[in-house]
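So that the names make sense, note that chain A is the first sequence line, chain B the second, and so on, each numbered from 1.
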Amino acid sequence: MLNIQDIVFYILAAIVLFAGLRVITARNPVHAALYLVLAFFTAAGIWMLLEAEFLAIALVLVYVGAVMVLFLFVVMMLDINLDKLREGFWDYAPLAGFVGILMAAEMAMVLGSKHFGPERVPAPPVHSADYSNTAELGRLLYTDYVYPFELAAVVLLVAIVAAIALTMRRRKDSKYIDPAQQVRVKRNDRLKIVSMPAEKESVETPAESQGEQA
Amino acid sequence: MNPIFNDIYAALPEVFVLTMAMVILLGDLFIQERYRFVTYVMAQVTLLGAAMITIATHTSAVGYAFNGLFVDDPLSDLLKLMTYLAVSVVLVYSRGYITARGMYRGEFYVLVLMAMLGMMVMISGQNLLTIYMGLELLSLCLYSLVALDRDNARATEAAMKYFVLGALASGMLLYGMSMLYGMSGSLDVSQISNAILNGSPDHAVLILGLVFVVAGIAFKFGAAPFQMWIPDVYHGAPTSMTLFVGSAPKLAAYAMTIRLLVQGLQNMVHDWQGMLIIMAVLSIIIGNITAIAQTNLKRMLAYSTISHVGFLLFGFFSGTLNGFIASMFYVASYVLMTLGGFGIILLLSRKGFEAENLDDLKGLNNRSPWYAFLMMLLMFSMAGVPPTIGFYAKFAVLQAALQAGYVWLTVFAVLLAVTGAFYYLRIVKLMYFDEAEDHHAIRTSPDMALVLGVNGLAMLVLGIFPQRLMELCAYAVLHSVQ
């Protein structure tokens, strides 16, 4: 007999599978990216069912909120020629299909309910309502797993350094002015006072009239 | 004492390298172009300091830190020392090359040091999580180093191929690790081993996980049939990056294989033996046969790497402690040979000219008898000609395979090694018996000349007196692997 949790799980799982399939079959890359957003949302829902609230929210915030939006920007900005990308698809399809089906069959043999069914994998213990998943996660991250946590920080730093090293260019024709230099400028650097002998008759010159207008 | 201090004490070399990498990253911003050598000196000081810390904190006991995520055993100490040495030599060799090509920037040193940190983490990883983190740290740095010469279309293409295939391999490795975790309920290498020993996990699922893990390891080593990236990346990357990609990371790959296959999955030895045999034989065939057809020196050395990896796996699949010791000796000698080989290519390159074709070596003896002699030693060593270290390394792994009863495989490997000698000796012939086409004087800095000389002569000296290095390898393996 299905209880409400099972029903919700099957609905969410079906949506995830559908969205995942559409990610790789959608012809339009923007549609594919949007289906990936859908897949992330429903995966977050499944994590909610597992009482992993923090991870579910982090998935939505980080992946949907930041990564996928950035990804959509990139997809929209690039001029992707789909026909060129699909060129040669059918040449390789028989071999790729054969290998793919073979691997899928092997995995299906091993990963079925025989090895991962409910009788093999015990259900996680049910926690009381005041149990904080976030607090537990934080405690583990900053105590038992502080070493890989720090390493993850180093990986992020490497990503920053590498991204800057690979993309930052100092253009020679750049009009950029250093603000510090700009602030430090003295009156004498910009303004040159030329003492000129006074003239007897004042003559209207074009330069003067311009200055007055300004 | 607070337990965290014990943890940090065990991981002191890593902490030091990371701190110094940060210092170099920030300090380099304030250094003027003409004082840029300070960055280089600081990177070398970092390596020296890390080596001193590793030696000073060395014990022959196996120590764990960070709740068993980190292991400090003689094996990790020795491999780390070899890594420092290899990276230091890489920095010496590549300085002139990257200066001439506008890559002499602080980021190069930061990325190299971070990559080395990744290797150190892999070497000391006692948990699937740390091994994977170290691998990712190393790989990310390598991808960006290959692409560092931004206006070079070939380097960018190589980096792209490396990145896509590397990401795929990391995914496979991770998938295999998740299977192992799912079946044993632990990420800890020794607990996985215990779980398998107690026979609770399902064998079929473990095999599936093992296949993916072996595929990931094979990719990182560059063993056939996962060797596709090696020729393209070695050929396309700037030579100084090829030198780095081809040398030190193999030490980390060796450590990863020991940790995952030998320490974690030792009770499945009969399952992974067969896989490694296929990979070793394929690597030796593809490496040695394809290298004959190459006209590009970097590509030829890439295929030679594949064949060396095949030989190295001979020590692993024999499944004995002797085999692991022989493999470690092989890795050490391979790293030395690769450093020297690419060092000569770097030496012959100059601003606006890449010496990467076999023809560029023609008549090297007339241009510089000393460097021709060094290159000859290196080539003899790669081919496995007796008085050099390469011979002894091949001898040791084949002996281990023979002791484990693989007579036909050993005969086969020897036959292919003889085939492979052809393309190494062709280089010797080009250097000594052909007329030079390129008559530019070979200019180099004194430190590079000195290190290259020592590197070349080490082939001969370590080949005649291999006992010391062999004893070190034996000491490290015997005190770390039960």
Side-chain angles (χ1 to χ4, degrees), chain A residues 20 24 78 85 92 95-96 99-100 102-125 137 139-172 178 180, chain B residues 3-4 7-8 11 14-15 18 21-22 25 65-70 103 105-108 110-111 114-115 117-118 121 124-125 127 129-134 136-141 143-145 147-151 156 159 175 179 182-183 185 187 201-209 211:
Chain A
I24 53 171
L78 290 179
L85 280 180
Y92 297 103
L95 182 65
V99 174
L102 198 69
M103 277 182 78
E106 282 175 355
M107 280 159 70
M109 270 158 52
V110 174
L111 301 179
S113 56
K114 190 176 141 223
H115 298 296
F116 286 97
E119 65 277 357
R120 301 297 303 259
V121 184
L137 206 64
R139 195 187 60 75
L140 272 183
L141 262 188
Y142 295 114
T143 55
D144 290 1
Y145 290 96
V146 67
Y147 180 57
F149 180 75
E150 293 290 330
L151 286 175
V154 178
V155 170
L156 284 179
L157 179 71
V158 165
I160 296 171
V161 172
I164 293 174
L166 293 184
T167 55
M168 202 179 86
R169 287 161 191 272
R170 286 207 181 78
R171 288 175 49 175
K172 288 197 180 67
D178 185 7
Chain B
I4 192 75
D7 292 343
I8 289 178
E14 278 85 354
V15 174
L18 179 60
M22 306 283 180
L25 178 66
F66 296 107
N67 293 302
L69 292 167
F70 181 96
M103 287 181 280
R105 300 191 306 241
E107 291 94 50
F108 173 77
V110 173
L111 287 173
M114 291 288 200
L117 182 69
V121 171
S124 277
N127 187 296
L129 197 58
T130 28
I131 292 174
Y132 185 74
M133 289 305 293
E136 281 305 284
L137 184 55
L138 167 66
S139 307
L140 280 175
C141 293
Y143 305 147
S144 43
L145 276 173
L148 204 59
D149 192 7
R150 296 177 301 197
D151 299 322
T156 313
Y175 190 71
M179 288 294 136
M183 276 301 104
L187 287 169
D202 252 299
H203 201 67
V205 182
L206 281 176
I207 295 273
L208 186 77
V211 169

Work out which heavy atom in [X] is nearest to a heavy atom in [Y]; give both atom names and the distance.
X	Y	answer
B:Leu148	A:Ala165	CD1-CB, 4.0 Å
B:Leu69	A:Pro148	CD1-CD, 3.5 Å
B:Arg150	A:Leu166	CD-O, 2.7 Å
B:Met133	A:Leu151	CE-C, 3.8 Å
A:Ala162	B:Leu111	CB-CD2, 4.5 Å

Next item on the list: Return the orientation label for the B:Phe70 and A:Tyr147 ring planes: parallel under 30°, perpendicular over 60°, tilted otherwise.
Entry: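 Plane angle over 60°, so perpendicular.
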Notebook entry, point to check: In chain order, what residues pass the side-chain contact (heavy atoms from CB on, under 4.5 Å) check against B:Leu140, with sequence neighbours excluded?
Noted result: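 Partners of B:Leu140 by the side-chain contact (heavy atoms from CB on, under 4.5 Å) criterion, ordered by chain and then number, come out as A:Val155, A:Val158, B:Tyr143.
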Item checked: Contact winner vs chain A - B:Val121, B:Val110, B:Ile207, heavy-atom pairs under 4.5 Å -> B:Val121
Notebook entry, point to check: Hey, which of B:Met22, B:Glu107, B:Glu136 has the most heavy atom pairs under 4.5 Å with chain A?
Noted result: B:Glu107
Check: Sequence neighbours excluded, which residues qualify as ring-ring contact (aromatic ring centres under 6.0 Å, His included) partners of B:Tyr132?
Finding: none
Using heavy-atom distances under 4.5 Å, tell me whether [X] contacts chain A through its side chain, its backbone, both, or neither.
X	value
B:Leu117	side chain
B:Leu208	side chain
B:Leu145	neither

Notebook entry, point to check: Measuring from A:Glu150:CD to B:Glu14:CD, what's the distance to the nearest 0.5 Å?
Noted result: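 Nearest 0.5 Å value for the CD-CD distance: 13.0 Å.
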Next item on the list: Find the distance between OH (B:Tyr175) and CE (A:Met107) and round it off to the nearest 0.5 Å.
Entry: 3.0 Å
Notebook entry, point to check: Quick one: of A:Thr143, A:Ile164, A:Leu157, who has the most non-hydrogen atom pairs under 4.5 Å with chain B?
Noted result: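 That would be A:Leu157.
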Margin query: Does any backbone or side-chain atom of A:Ala152 lie under 4.5 Å from a heavy atom of chain B? Answer side chain, backbone, both or neither.
Written below: both
